[in-house]
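Numbers restart at 1 for each chain; the letters A, B, ... are given by sequence-line order, proteins then strands.
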Amino acid sequence: MSEPILSVKDLSVAFDTEAGRVQAVQDLSYQVRRGEALAIVGESGSGKSVSSLAVMGLLPKGAQISGDIELMGKKIFTMSDRQLSDLRGDTISMVFQDPLSALTPVYRIGDQISEVVRIHHPEVSKQKASERAIELLEAVGIPEPRRRAQQYPHEFSGGMRQRVMIAMAIANEPELIIADEPTTALDVTIQAQVMALLKSAQEMLGAATILITHDMGVVAGFADRVLVMKDSRLVETGDVEQIFYEPREQYTRDLLSAVPRIDQGADSESRSVAGSAMRTVAEVATSDDTTPREQRPTVLEVEDLHRVYPITKGAVVRRKVGEQRAVDGISFDIREGECMALVGESGCGKTTTLMEIMQLRTPQQGEIRIDGRPTGGLSRAERAKLRSEVTLVFQDPMASLDPRMPIGDILKEPMRVQGYSAQRMNERVEWLLKTVELRPEHASRYPTEFSGGQRQRVGVARALACDPKLIILDEPTSALDVTVQAGVLALLADLKTRLGVSYLFVSHDLSVVRHISDRISVMRKGRIVESGPTHQVFENPQHEYTKELLDAVPIPDPKVARTRGGTVIDAEAFQGNSHDETPSEQGSVRA
Amino acid sequence: SKDTGQGGGSGGDSGNDSVAADALDINAKDRGDLGEGGVLRLTNNAFPANWNRYSLDGNETNTAQMCDGVLYPLLVVSNEKGEISANEAWAKRIELTSEDPQVMEVELQPDMKWSDGTPIDYKSIENVFTVMSGKKKGYNISSSEGYNLVEKVEQGSSDLIAKISFKSTYADWMGLAGVLPDSAVESPQAFNEGYVSEPKVTAGPFKVGKIDTANKTVLLERDDNWWGEKPPLDQVLFTTIEDPSAAATSFQNGQLDAIEPSVPAVYSVVKPLVGKGNSLRKSAGPEWSHITLNGSKGRPLEDVKVRQAVFRAIDRQEVFLSVNSTMPYPKDFPPLGNHILMPNQDGYKDNSGDLGKHDVDAAKKLLEEAGYTFEGEEATKDGKQLELTYVYNDGSKTNEAVVPVVEEALKAVGIKMKVQKVPPTDLFSKYISQGDYDLTLFGYTGGVLLSGNDGVWKQKGESNYAKVGSKEIDDLVGKASAEIDEAKRLDLVNELDAKLWEIAGLIPLWQSYSFWVQNDDLANFGARGFKDLDWTLVGYVKGSDKLKG
Amino acid sequence: MARFISIRVLTYVILVFLATSFAYLLAASLMHPEDVLYPPAAPKPVPEATAQAYMNARNINPDVPLFQRYANWLGGLVRGDFGVTTGTNKEMRPVLTVLSERIPISLRLVVLGTVIGTVVGVVVGMVTAVRRRSIGDRSATLLSFVLVSLPTPVVILVVQQINQAIQNRTGYGLPAINPVNPLLHGWDAFVYESKALVMPTIVLAVLAAASYSRYMKVTTLDVLGSDYLRTARAKGLTRGKAMNRHGLRMALIPMGQYFAFAIGAAFTGSLFVELMFNWQGVGRYVISAISMADINGTAAVVLYTGVLTLLSATLADFLQGLLDPRIR
Amino acid sequence: MTNPSDLRGADDAATLQIESDHRANAVLEGLPPSEAEPPAGDARSLESIGRGELLRRRFLRNPSAVTGMVIVLLLILAAIFAPMLYQYGPFERDLRNALTGPTQFHWFGVDENGYDVFARTMVGLRISLVIGAGTALLTTLLALLVGTIAGYVSYKGRWGAFVDGALVNLINLFLVIPGLLLLMLFSPVLQQASWLWMIPLLAVFSWMLTARVLRAMTQQLVRTEYVEASRFMGVNPVVTIVRHIIPNIASWIIIDTTLGVSAAILGETGLSFIGFGIQYPNVSLGTVLQGYNISAPWTWIPPAAVLAALVISVNLMGEALRDALDPTSGSSRV
Ligand SMILES: Nc1ncnc2c1ncn2[C@@H]1O[C@H](COP(=O)(O)OP(=O)(O)OP(=O)(O)O)[C@@H](O)[C@H]1O
Ligand SMILES: Nc1ncnc2c1ncn2[C@@H]1O[C@H](COP(=O)(O)OP(=O)(O)OP(=O)(O)O)[C@@H](O)[C@H]1O
Ligand SMILES: [Mg+2]
Ligand SMILES: [Mg+2]
């Protein structure tokens with residue numbers, strides 16, 4: 001075996017918070033070798049991100065660190081800032097977990113990518129560097145990269161921003177890439193493309209990769225070795241097959257059992273433990289079929305919805321040079337007690353659709369009706385009432401939580417609007433936190449003091465705070481480990497069947513979708529290309545794109561994953577245009 | 001003119017050497033002791049608006065400083081006592097040839113020329129009298145006073161002599177003598193605007209080198225065409241510096257050769273430089289400060305007894321010190337005892353009597369006489385305490401210092417004092433001329449000439465802000481200004497002053513001193529009192545560093 | 001776009017017109033230039049006719065109805081004539097001439113100081129935020145608060161005295177006041193003028209830096225914990241460079257407003273600096289116009305500063321858009 | 001949206017809570033237990049900490065907050081008691097010692113009018129404390145009101161743009177309006193008025209620039225998802241501004257208020273131009289400072305030092321408050 005490129009010894013990290021000391025990582029040791037792909041999986045909040053930030057030397061100042069980290073034989077704790085800076089972005093790079101707020105809002109995407117090239121290769125001309133940025137954007141599957149490079153982060157969809165982060169991480173062909181949940185906001189086809197990109201980097205350059213993910217399918221298809229973490233400690237580590245087929249620890253087993261599998265029907269053939277527990281969730285979600293769909297009242301109707309963003313040029317005097325049709329005439333409806341999933345390509349307009357619904361106003365074009373009433377015609381009071389009944393879980397958990405408000409108050413906010421008593425709010429906050437598997441003392445922490453998954457759970461808890469009737473969820477479980485995800489999904493399923501809560505559920509994780517949703521709509525380029533009952537779409541996909549999507553779903557079984565690997569992750573995918581025959585746009589562009 | 005009290009004036013612990021009242025302190029030297037050359041750098045606080053001294057805009061002290069006897073002929077000069085006589089550099093004689101009817105004759109020196117080549121002769125004198133008579137339309141003259149009493153101007157026995165006959169007698173006749181070039185009076189346009197940007201035609205020891213209106217500097221150079229005694233200085237630079245402390249810093253920095261520190265803030269900055277190449281020069285000057293009491297009908301001070309009570313309540317020495325304790329006034333500097341004459345003028349008498357003496361009991365007694373009773377510490381009438389309003393202008397350091405002194409003094413005799421600080425431009429227009437005040441402090445320049453001040457004393461006088469007076473006073477004012485005999489006139493003035501004390505409208509406080517801090521070597525320049533400078537003598541002594549480069 | 005600009009210009013014209021008319025009417029009804037021209041206490045009152053003629057020439061005759069005077073003034077304004085000055089010195093120069101003479105002086109004086117002050121303030125603010133609680137931070141904080149606690153004239157005098165002390169000790173010093181020295185010519189004059197600029201520039205820079213650094217410090221503190229800075233660091237930027245390229249830009253966004261107005265203010269000069277260094281700029285003209293009851297001067301200055309303020313406001317909006325693409 | 005099987009008939013969340021408590025939930029039973037739960041008592045006490053309490057604790061823990069408070073307290077005490085105990089009054093003249101430096105009798109020396117500098121500084125501090133604090137707070141309040149409202153509505157369609165435009169023009173109007181002239185108009189009234197009126201007067205002419213900055217900052221914030229989120233929850237805009245926007249622009253507000261204290265104290269003397277300054281027999285720090293004599297440093301250093309101490313202590317508290325509000329303080333990323 002080649003020598004380790006990174007070795008972590010007895011790493012411990014702690015933070016001081018209002019509620020006392022938080023031991024984020026304890027006695028963690030591991031090694032990564034050249035050309036190796038290490039997957040770190042485990043409980044949300046178990047210290048995965050913190051430990052990798054420690055490797056980068058980028059923990060916030062308040063962190064107390066002990067132990068040793070050696071990068072290519074050099075101890076990083078003894079290195080100066082300058083020496084470390086020379087390594088970062090060049091020899092070692094990282095994709096952060098929360099990609100949505102990780103880009104500087106005031107610089108163009110292209111400049112931010114070319115910057116990383118120019119920092120380490122000042123000899124490269126500006127012109128060359130921006131060419132390289134465009135190349136990289138193309139490689140991560142962003143269409144029209146030349147125009148997109150000129151845009152600002154807020155004009156990008158969640159998945160697109162995540163891909164920008166990946167592009168920056170691979171720009172200088174580093175020796176070690178740490179990817180912290182790099183594909184949470186990506187649809188499966190793009191995910192496959194990105195994973196293949198990482199894989200090829202690993203294979204061609206002998207780079208090592210640390211992949212932190214909750215997606216066991218990705219782990220199965222990508223990793224050589226797996227490291228399982230729970231509660232700030234290492235649980236077990238081993239080859240991917242060993243972990244999947246012969247897990248030694250109970251936690252690993254539990255973890256795998258909670259993995260949702262798209263191929264749940266055929267589970268008996270798989271030797272993997274993955275997915276066993278999720279079957280119960282699916283049963284709850286779909287059993288209890290009381291009234292037929294047609295007889296239940298319609299909660300949400302969207303008819304011919306359009307949303308167009310102008311494309312402008314010029315910093316000072318703005319000129320409209322075209323329009324970006326983010327949502328281009330979509331229609332669907334949701335009945336009471338129904339979960340409708342919206343899946344589709346990254347950047348196809350899902351978030352935009354949800355935002356349009358949440359505005360409770362007349363959209364640019366088309367109509368949105370809630371409970372049969374057009375949102376445009378609501379009175380003030382009606383709108384206020386609806387606000388408590390329709391809630392949203394944002395795609396970017398960090399950005400949707402006020403950084404200067406402790407979690408407790410964030411959760412209380414919707415309840416305050418409804419005039420709950422202080423006593424009741426306190427009780428409920430405690431219950432909500434427990435429900436999403438956080439602790440009551442977390443209430444006094446600020447959003448920045450949480451792990452990605454924990455923040456996402458806060459977002460979900462907030463949406464549940466006031467007994468809503470319609471919950472709109474934008475990738476609510478992308479950052480959750482599978483056990484917690486199973487819990488959240490079970491909770492949602494339970495609320496649906498017993499209380500008739502309806503959901504509009506956006507997710508890239510088709511396995512999750514399959515488990516929870518009743519109906520499914522597949523979106524692409526601002527339009528719905530296919531929709532129907534979940535089982536129907538899964539079993540008998542009609543549209544080409546749906547088929548492609550289903551094929552690309554990673555299977556949490558290393559053997560299955562490898563056999564499938566060849567078909568989807570083909571070499572062409574790296575070139576960035578395998579899915580788009582025309583070099584056009586998700587959502588069409590009209591000048 | 002009125003000085004609203006921006007400046008202070010006098011008094012101090014550092015100057016214990018008493019200066020004789022009429023002494024000058026100008027480092028007087030003979031021409032032979034002076035070296036040739038050098039630059040004198042001075043400052044003023046306003047830039048000339050018009051270089052025509054006879055125009056309304058040009059009648060201003062800063063302009064006068066740069067022009068009279070420097071660029072233009074100055075026919076009449078004052079000595080240290082304020083006595084005026086013909087200036088022999090330009091005028092041979094100025095005298096009355098007849099007293100009734102009054103006729104004066106002016107004779108110029110021969111062979112004098114304006115810088116445009118025209119001779120300075122009878123015509124030049126006539127120009128002044130014609131224009132200033134106020135009879136010619138369109139000429140913005142400063143004032144026709146005196147000139148309007150002239151019957152006719154004729155050429156005398158030579159073309160250098162002018163004979164001026166008056167319609168009625170006029171005491172300040174000598175001050176009327178002057179010359180103007182023909183070009184300055186050829187049209188109203190020429191008179192009003194010809195001299196706005198520069199002195200077009202000059203006839204003095206200096207001429208204009210460079211005038212910079214934007215930066216407000218004036219550089220004068222020795223005029224080689226000057227016929228008189230050659231002035232020692234090569235150049236004189238006037239820089240307008242409006243802020244007194246900026247001027248002090250400038251002097252400290254060596255950018256000025258002399259400075260007149262009128263307020264403690266300036267004096268304390270330049271004081272350490274005295275003895276290090278610079279000297280302090282001081283003399284009594286023509287300015288004096290006073291408190292005006294408003295005796296209008298319906299005001300609390302209407303009753304002369306109450307006004308007299310205020311006179312006696314206020315300790316004038318204390319008031320003086322509160323403003324001037326750090327200025328280098330002579331020790332035991334006495335308060336001013338005359339409304340019209342200054343101590344260094346002939347005929348000065350202290351007419352204050354008892355009214356000038358601080359006496360709380362006497363003040364209380366006067367109040368009782370006026371019908372006030374004392375309830376505890378308060379002087380009351382009809383159950384109301386006597387309350388006076390002291391009005392002053394914002395930014396006046398003098399008033400700020402004086403207010404507490406006066407308030408305490410009045411409190412001691414049971415009078416309550418209200419203080420009102422008002423915008424500078426409002427002080428006169430909205431308060432003093434409207435009679436909306438009881439007490440206020442400002443300064444007068446007790447001019448060399450009495451005339452013109454009569455408006456302050458006459459019952460109906462425009463500037464009689466105290467609104468007190470009597471027929472007797474009016475008559476005395478009239479008589480004094482018409483009296484040509486100097487000794488008699490001074491008697492009349494003192495008689496008038498005694499009346500003014502009695503009527504108790506104005507409390508004279510102190511005569512301001514003029515202080516100069518200037519280069520040791522600078523001669524014939526400095527604290528000059530009433531005396532006019534002789535620019536052909538201003539210079540540096542032989543061997544001075546200032547003469548080199 | 002054209003519509004947007006024309007609406008804005010129109011609003012501004014209305015605003016300026018309102019403010020200026022208001023200023024004129026207020027000034028004309030409140031001020032008494034006649035008292036300043038012919039002080040009631042003057043020993044020699046001028047003939048009534050002369051005074052009337054004088055006041056008519058200046059359009060300040062209180063006997064003429066206010067609206068008549070206003071109309072005269074407006075009429076002049078339309079023709080680009082701002083009237084003439086008034087004051088104790090009876091100078092009757094066109095206000096426009098005076099202003100155009102003084103604006104360059106103010107600009108020459110203020111621009112350099114403002115620019116240096118801004119840059120120093122931004123740098124100091126940023127460094128003190130990053131090196132929080134260091135000796136440097138503490139002393140910069142202390143110094144800046146002492147500076148804002150002193151009246152400007154005192155700051156100026158202290159700087160001048162320091163210069164004086166140096167000059168007394170070493171023999172070398174800077175000219176304390178006055179922008180020019182008419183006694184010098186050519187190169188010497190230029191050297192003098194450059195030296196004369198040093199101290200006012202120091203004062204202006206120090207004062208501007210004192211308050212800018214405070215604002216800059218807090219805006220920097222606000223961005224220090226942000227994720228994008230972490231990204232910048234992960235790219236391989238050193239602490240300082242990450243701060244300069246990413247933190248600074250974000251921290252500057254709210255400062256844009258202040259910068260824009262500082263630029264506007266440069267054209268109106270700085271009263272105390274002009275007064276105490278004896279520069280004949282616009283700043284002291286404003287005060288002297290008001291204290292001399294100079295109606296035309298006051299109204300013209302209000303017009304001038306009004307236009308400048310609105311230009312600054314436009315610049316501020318422009319800067320905000322430039323600095324922050326999100327709100328375009 | 002009516003649901004016959006709605007368990008929330010009583011509108012009681014407790015029902016829902018019990019029903020869906022995950023121990024009572026069959027689906028979740030099989031799942032691994034969540035992380036070890038801390039002792040219940042501990043959790044209870046912590047859970048009730050709201051934002052206010054949290055802020056208070058974070059604030060008080062900061063040593064600079066304590067230092068700042070101690071200094072302010074000392075200054076207040078000095079302002080109250082020093083003039084009572086000290087042997088000279090603010091207008092007692094000691095002309096014999098005019099312009100002399102500090103001695104055991106005159107602690108801070110004597111100015112050129114013979115006044116005791118210490119006595120005047122302490123008496124001046126009384127009024128200046130009120131004016132400084134009052135004006136700074138009022139200015140901030142005005143700026144906050146106009147700035148945040150304009151910034152908040154600017155993003156809300158045609159109507160919002162109109163209101164924003166109107167408010168911005170209001171700001172502009174105040175910027176171009178000749179304040180001094182206006183004050184001169186009212187000066188006869190003002191001269192009769194109590195000096196406390198100085199607070200609104202100073203405030204009304206100094207809020208504009210801050211308002212513009214706050215508007216710009218608010219404009220950025222209304223576009224953030226968390227403000228959007230609170231709108232989606234139906235939170236009233238005013239509450240949103242108070243709860244989300246103000247804490248996130250607090251840094252600027254705090255420093256602006258801090259600097260406003262000294263600006264007001266020094267600016268107060270400017271009002272005397274219209275006859276409405278602090279007048280005899282009152283003294284303010286501003287008037288004491290105004291009597292500076294540069295060659296006698298004791299005439300201006302003590303009042304300036306007291307003012308600086310006040311501003312610095314306010315700043316210390318302000319920075320501590322800022323740190324208490326900002327969870328990333330002390331955990332800088334660079
Ligand atoms: N700045 C901080 N202050 C206090 N606690 C923190 C901070 N950052 C992280 N933590 C805590 O440290 C623990 C580990 O966090 P970390 O982000 O490493 O989790 P993770 O394993 O990446 O979880 P996830 O999968 O949800 O992202 C969590 O319990 C989190 O609450
Ligand atoms: N403010 C904006 N200005 C311009 N374009 C925008 C803006 N917001 C979104 N878009 C564009 O609209 C399209 C749809 O974005 P949206 O966020 O709805 O995608 P999405 O389906 O949620 O994608 P993802 O799964 O990656 O989050 C994208 O092409 C995006 O670039
Ligand atoms: Mg994480
Ligand atoms: Mg999205």
Side-chain angles (χ1 to χ4, degrees), chain C residues 11-12 15-16 18-19 22-23 26-27 29-31 130 132 141-142 145-146 148-151 153-154 157-158 160-161 211 214-215 217-219 221-222 224-227 229-230 232-233 239 242-243 247 253-258 261 290-291 298 302 305-306 309-310 313 316 320 324 326-327, chain D residues 154-155 165 168-169 171-173 175-178 180-182 184-185 209 212-214 216-217 219-220 223 248-249 251-252 254-256 258-259 262-263 265-266 269 273 286 289-290 292 294-295 300 304-312 315 319 322-323 326-334:
Chain C
T11 334
Y12 283 3
L15 274 182
V16 170
L18 280 181
F22 183 60
L26 266 185
S29 53
L30 286 173
M31 291 178 165
V130 175
R132 205 150 170 229
T141 306
L142 189 72
F145 282 118
V146 167
V148 300
S149 303
L150 285 169
V154 174
L157 286 168
V158 169
Q160 287 174 336
Q161 293 303 316
S211 68
R214 295 304 92 203
Y215 287 109
K217 182 180 175 187
V218 294
T219 58
L221 284 178
D222 278 358
L224 276 183
S226 60
D227 282 350
L229 268 186
R230 186 177 66 184
R233 297 273 285 142
R239 232 173 233 128
M243 224 30 239
I253 294 174
M255 302 290 293
Q257 298 280 339
Y258 274 31
F261 282 91
I290 291 178
S291 61
T298 308
V302 170
T305 51
T309 306
L310 294 177
Q320 199 195 345
D324 189 355
R326 289 169 297 178
I327 61 147
Chain D
S154 67
Y155 192 41
V168 169
N169 276 325
I171 297 178
N172 288 343
L173 185 67
L175 279 169
V176 295
I177 239 172
L180 196 59
L181 287 179
L182 202 65
M184 281 167 73
L185 177 69
L209 215 48
R212 286 188 69 99
V213 177
L214 297 185
M217 296 177 101
Q219 277 183 334
Q220 279 178 32
R223 278 153 228 253
N248 280 285
I249 55 177
S251 305
W252 188 282
I254 289 170
I255 192 67
D256 201 68
T258 308
L259 293 176
S262 63
I265 291 176
L266 295 176
T269 55
F273 192 81
L289 270 168
Q290 219 59 8
Y292 64 84
I294 198 66
S295 53
W300 51 271
V306 166
L307 177 52
L310 178 63
V311 183
I312 288 170
N315 177 62
E319 273 201 28
R322 201 212 78 84
D323 286 351
D326 177 9
T328 62
S329 63
S331 57
S332 142
R333 304 280 199 197
V334 300

Pairwise distance [atom1]([X]) to [atom2]([Y]) - rounded to 0.5 angstrom:
| X | Y | atom1 | atom2 | answer |
| --- | --- | --- | --- | --- |
| D:S251 | C:K217 | OG | NZ | 11.0 Å |
| D:L214 | C:Q257 | CG | CD | 9.5 Å |
| D:R212 | C:Q320 | CZ | CD | 8.5 Å |

Which one wins on heavy-atom pair count under 4.5 Å against chain C: [options]?
| options | answer |
| --- | --- |
| D:G286, D:A305, D:P178, D:S295 | D:P178 |
| D:N169, D:T269, D:I177 | D:N169 |
| D:Q290, D:M217, D:E319 | D:E319 |

Heavy-atom side-chain contact between [X] and [Y] under 4.5 Å:
| X | Y | result |
| --- | --- | --- |
| D:R223 | C:D324 | no |
| D:L175 | C:F261 | yes |
| C:L142 | D:I312 | yes |
| D:L181 | C:T298 | yes |
| C:V158 | D:I294 | yes |
| D:Y292 | C:L150 | no |

Heavy-atom pair of closest approach, residues D:L307 and C:S149: CD2-O, 3.3 Å

Contact class of C:L157 relative to chain D, heavy atoms under 4.5 angstrom: both

Contacting region of C:T219 [heavy-atom separation from chain D under 4.5 Å]: side chain

Quick one: what part of [X] sits under 4.5 Å from any heavy atom of chain C, side chain, backbone, both or neither?
| X | result |
| --- | --- |
| D:I171 | neither |
| D:L185 | both |
| D:T258 | side chain |
| D:R322 | side chain |
| D:L259 | side chain |
| D:D323 | side chain |

Candidate pair D:N172 and C:L310, rule side chain to side chain contact (heavy atoms under 4.5 Å, CB included), full reasoning: CA-CA 7 Å; D:N172 288 343; C:L310 294 177; 3.7 Å; yes

Do you know which of [options] has the most heavy-atom pairs with chain D at a distance under 4.5 angstrom?
| options | result |
| --- | --- |
| C:P254, C:A19, C:S211, C:A232 | C:P254 |
| C:L221, C:V302, C:I253 | C:L221 |
| C:G256, C:A313, C:G306 | C:A313 |

Evaluation steps, side chain to side chain contact (heavy atoms under 4.5 Å, CB included), between D:L182 and C:L26: CA-CA 7 Å; D:L182 202 65; C:L26 266 185; 3.9 Å; yes

Derivation and outcome, side chain to side chain contact (heavy atoms under 4.5 Å, CB included), residues D:W252 and C:D222: CA-CA 9 Å; D:W252 188 282; C:D222 278 358; over 6 Å; no

